[in-house]
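In what follows, chains are A, B, ... by sequence order, proteins preceding strands, each numbered from 1. Only a predicted model underlies this, so the values are computations on that prediction, with no experimental measurement involved.
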Amino acid sequence: MPGPDLLSSQGLRLDGRRPNELRRIRCKMGVFTQPDGSAYLEQGNTKVLAAVYGPHQAAKSKSSTEGVVVNCQYSMATFSTGERKNRPRGDRKSQEMSLHLRQALTAAIKTELYPRSQIDVYVEVLQADGGAYCVCVNAATLALIDAGIPLRAYACACSASMAWHGGQPEPLVDVGHVEEAAGGVVLTVASLPSTENIALLEMSHRLHMDYFDVVLSRAMQGCRDIEVILDKAVREHLAEGWTKEDVVTI
Amino acid sequence: MWTSKTFLYKTKRGNILKIVREHYLRDDLLCGSGACKTCPHKDDEIVLMSQAESICALFDYPHYLVLDTNVVLHQIDVLEEDALTNVIILQTVLEEVKHQNTAIFQRLLEIIGNKRRKFYSFVNEHHKDTYVERNPGEKQNDRNDRAIRRAVAWYEAHLSINRVNIESPRVVLLTDDENNRKIAQDEGIICCSVKDYVENVNGFPGLVDKLSKNVIPENCSKDALYPAHLTPTQIHAGIRNGKLYQGIFHASRDNFLEGSVVVNAFEKSILLQGHIGINRAVDGDTVAIEIFPEEEWRKPSDIVLEDKSEDPGDLLEEETVLLKSTKTNSNDEVTPTGKVVGIIKRKWRQYCGILMPSRLPGATRHLFTPAEKRIPRVRIETRQSDVLASQRILVALDSWPRNSRYPLGHFVRALGPIGDKDAENEVILLEHDVPHARFSEAVLACLPPNDWTIPKEEINKRVDLRPICICSVDPPGCTDIDDALHARRIKGTTDDGLKKYEVGVHIADVTYFVRPNTALDKEAASRSTTVYLVDRRIDMVPDLLSSNLCSLRGGEERLAFSCVWEVDENANILSTKFHKSVIKSAAAMTYEEAQIAIDDESRKDEIASSLRVLNSLAKKLKRRRLDNGALLLASPEIRFQVDSETHDPVEVQAKKLMDTNSMVEEFMLLANISVAQRLAAEYPQCALLRRHPAPPPVNFVNFLKAARQQGFELDVSTNKSFSKSLDEAVIPGRPYFNTLLRIMATRCMQQAVYFSSGTCAQEDFYHYGLACPIYTHFTSPIRRYADVIVHRLLAACVGCDVTHASLLDNKAADALCDNLNYRHRQAQYAGRASVALNTHILFRNRVEIESAVVLAVKRNALQVLIPKYGLEGPLYLPSDKFTYNDEEHVQICGKVILKTFDELTVRLSLDSSNLQHRKLIFQLVKPYVPDFSYKVEDMDVEFVEESDLPQKIEKKRKGTEAKLSKKSKKK
């Protein structure tokens, strides 16, 4: 599995990161007023908007007495990639992404609190530069928090790939588009880092068992790193929000 | 680890696509200098010395060097010398080099990897202070130059912070780009051209010779001898609209003014003639060619033309000889003809050869003649010509400007004196790209200790076959014993009442020592095979393994991979088992010893009886194989008897074949086939197999014609019919005829190749020569890497070992096969070249008269074979005496008709007039042709006293030279 050189001889990746470094993450919560919760998140050049409605009464057909139904919709903007093309909602890829999102979010949400109700999560990829799914999960988590929906833990997603450095396998965390396109394996993990639970695991190619553990642990480490960042963002947002609120009410 | 990063975009514009990439700038990149106190270096991260002593007279203070891209690209040989140290390679440079020339990039990495050289690669592109953004409208090249200058300036400033005393080093930029130099000087950067720098270096006298000649731009037309090449864009456009064609240029071996290019659109290869037609293409280059209109098409000249021996200066001589001789009226033999209009990619490597004697003493410009005849002479500059004149040297090509008759190159290193055995061997190895350096420390570190013995727990894991009487049979003097055999009667009979035997083939368990992905494994994979020269063996794995721990020596406990069958009396396989085992070989025998043991009725011991069983089973196996249509082919193989002290060959003999040879061979084939079947079943995608495609019918045309002249119609439609008709083609009284037929049949065959089962359709797995549907190599892991892989695959599927990732990777397997096939082929060629070298040494002091047979009839020569020596060569026939009949492929002179398979008597002598290409001269003795054949005098050299031998030979040589020159005039 020699593949293309994703790591330079100095151990830097193509964009200048080290193998264990995430892309720069910037986020903002409460970007819209209409939905119950919303968030904007960018990881490098991948930028995503998420909006959450609910929980509200579920449509008859969907409602479940067990818990809340999480309804996800994933879509990509026409201008999200270098090549502009019309992206119909509900095509196969979006449907699959929606299902995967739902799986990860359902694991995080305390669904049993709201039987017979529904939460709608809309995510829109504004710019795609690799790892869109991970960014969507992270953005949706922020939006859910913004909406005040009780979660078991932060749901964070992160991808990892593998490269060789000096003859040793070296996993790369938070894979960008260039690295994805290079043809190596991409392992995507959505997890609840504080509980060490894995909500979703997906792999793009075959990977030998010998390397699986290192790649997975690198991806999990990425999730934990993301959780720290998200947590900090949430706390900052709340602090900011409260002070403002205080000023207005008093 | 988390540092704040400034965010910058790097945009690249392709067609319409806009690609936006992130580019992180860091502040944790180190400068690598020992003089720096600010960067948080760990001890092993300091590459550049704090006291960098200057070796250059121009700069008498300590300094580091920064290289521009053009310096690395053109002067890599200077860099490879141990002279320049404390060099900073910027990432900008590294990337540009990688982009333009991967070979040089690899060599640069090698240098950087060498700790002693103190080359530091600095990631300036990701450093927050040295990154420069491309300005609007700025060319990429200019931007890179700017980036380099910025990095130099940064280094200078960075190091000066700590400059308490004046001792701390400065930074010098080396660049051959005048523009860049000028701007750098304006910016206050110390800079210098490589030429100026190297010429003022003290203490490394050979360094100047390695300077590459500067390239003169293609558009400069002063004194131009050759037409200009088209630019890449013109070539691209030409190919796209069908006016030009792309192909790989192959120079002719015989005629230096001729070459050919294989182009997809044409069935025949495109002929290129003359200096202008070839237009500075060198063998192996990818070129763009233009095809002439059909009326100018010619046929390849059948003549042999060598470049003149003296230096004509920068002139192109008349080419009328060539062009006149090739005008022809018969239309069917013309081939498309064209000319080279541009070079798409050079495939220059380093070439071995010798310096031509120069007429002016003390001159610095010399001509170099490569050993490979297809490569043109090279002009080099050296001041060591007196020393190098008697040496074989290695030269690299630099450029071929329009105003130079010869390409320009520079001296790389000397290999040793001409005629010296080691130097000549080195040439063979280099020319055939055989990796033959000593094993590196990293590789040797993977070896077990010298006194290694089999650990107890390993024995427990394996099947213990030590009590069984196993023996090995090999050629005499063999130290890498791969295989051992056993056979014994087992209880019971088959349903048909036949006796049952257990037969085992035990192969050295190399994979126990060569673990995947270790340095040892990688080295073995890159070598792929052990190369056997006449007097030297270039091992695939270090000696400790190949002739000791892996070698299944007699009386010692060894690890083995066993393949054990139960067979009945008629050699039908009842069951097959594979397992790892421990064996203790009872005896390591030669073929001869084994044969004696079998034949000696009085011997009733276990070894002898086991050998007898094996022998009788092998005969049955062979019979069955031949009935299936396996071909028995022959090749003239010889063994040299080597003088024990000088290691010069003293005599040759044809290899003797005995029953036991074929006995061992049969069981090896059987093992290989059994393993291949198992692997193909277990790994449909990545089993390493070997196939031998059936030869296309055109290969046989000349062969069949020749056989017909002797009165035999051979049926080549299938291998079975071919094998049968070969068996029947016997002339009583001429026992060698059938062997000869088989030798020639061998030459009609395709090469057998390794492949990965995923890359080929099942029906293409067929091995034509062995007539079996599936085949692989399992039995020689000590000397072939293919067998190592097969062992690993088999071990994984019988549960003795675990798989690893690259083993199961289809693409890796395919790449591996390509390398295996390439190395395998090169190893064969190297072996043959070594035989040729030794034959020449053998004939250095003798002349012999021997019987020969005609292998082929050419326009101006016969290809003859001396069965005794397995020697082959041309016997030139002058065209004023002999007439050549195209239809029948015969040469006629009066009553004498020479045709293929004819037996002749020839005189053999060595022509040493050309030191580089010594060749054997064949002269006709019988049948006698007046004024042409050599008259045998009563006293020939063989009977001459030792003392006057040299004079005699000297005389003889003059004689042959005279003859030669006569011949060439006739042409």
| note | When rounded to the nearest 0.5 Å, the distance separating CD of Gln10(A) from CG of Leu29(B) is 9.0 Å
| query | Rounded to the nearest 0.5 Å, how far does CG of Asn517(B) lie from CD of Gln168(A)? | reply | 8.5 Å
| query | Donor-acceptor pair, Tyr24(B) side chain versus Arg24(A) backbone, under 3.5 Å? | reply | yes
| message | Which atoms of Ile112(B) are under 4.5 Å from chain A, going by heavy atoms: the side chain, the backbone, both sets, or neither? | response | neither
| task | Check whether more than 12 heavy atoms from other residues, nucleotides or ligands sit under 6.0 Å from atom CD of Glu110(B), and answer yes or no. | result | no
| query | Just wondering, do Arg18(A) and Asp28(B) contact through their side chains at under 4.5 Å, heavy atoms? | reply | yes
| said: Give me the atom names and distance for the closest heavy-atom approach of His126(B) to Arg13(A). | reply: NE2-O, 4.4 Å
| Measuring from His177(A):NE2 to Glu22(B):CD, what's the distance to the nearest 0.5 Å? | 12.0 Å
| Top of Ala815(B), Ser121(B), Gly113(B) for chain A proximity - count of heavy-atom pairs under 4.5 angstrom | Ser121(B)
| Lys522(B), NZ: over 12 other non-hydrogen atoms inside 6.0 angstrom | yes
| query | Is the number of heavy atoms from other residues, nucleotides or ligands within 6.0 Å of CD (Glu441(B)) greater than 12? | reply | no
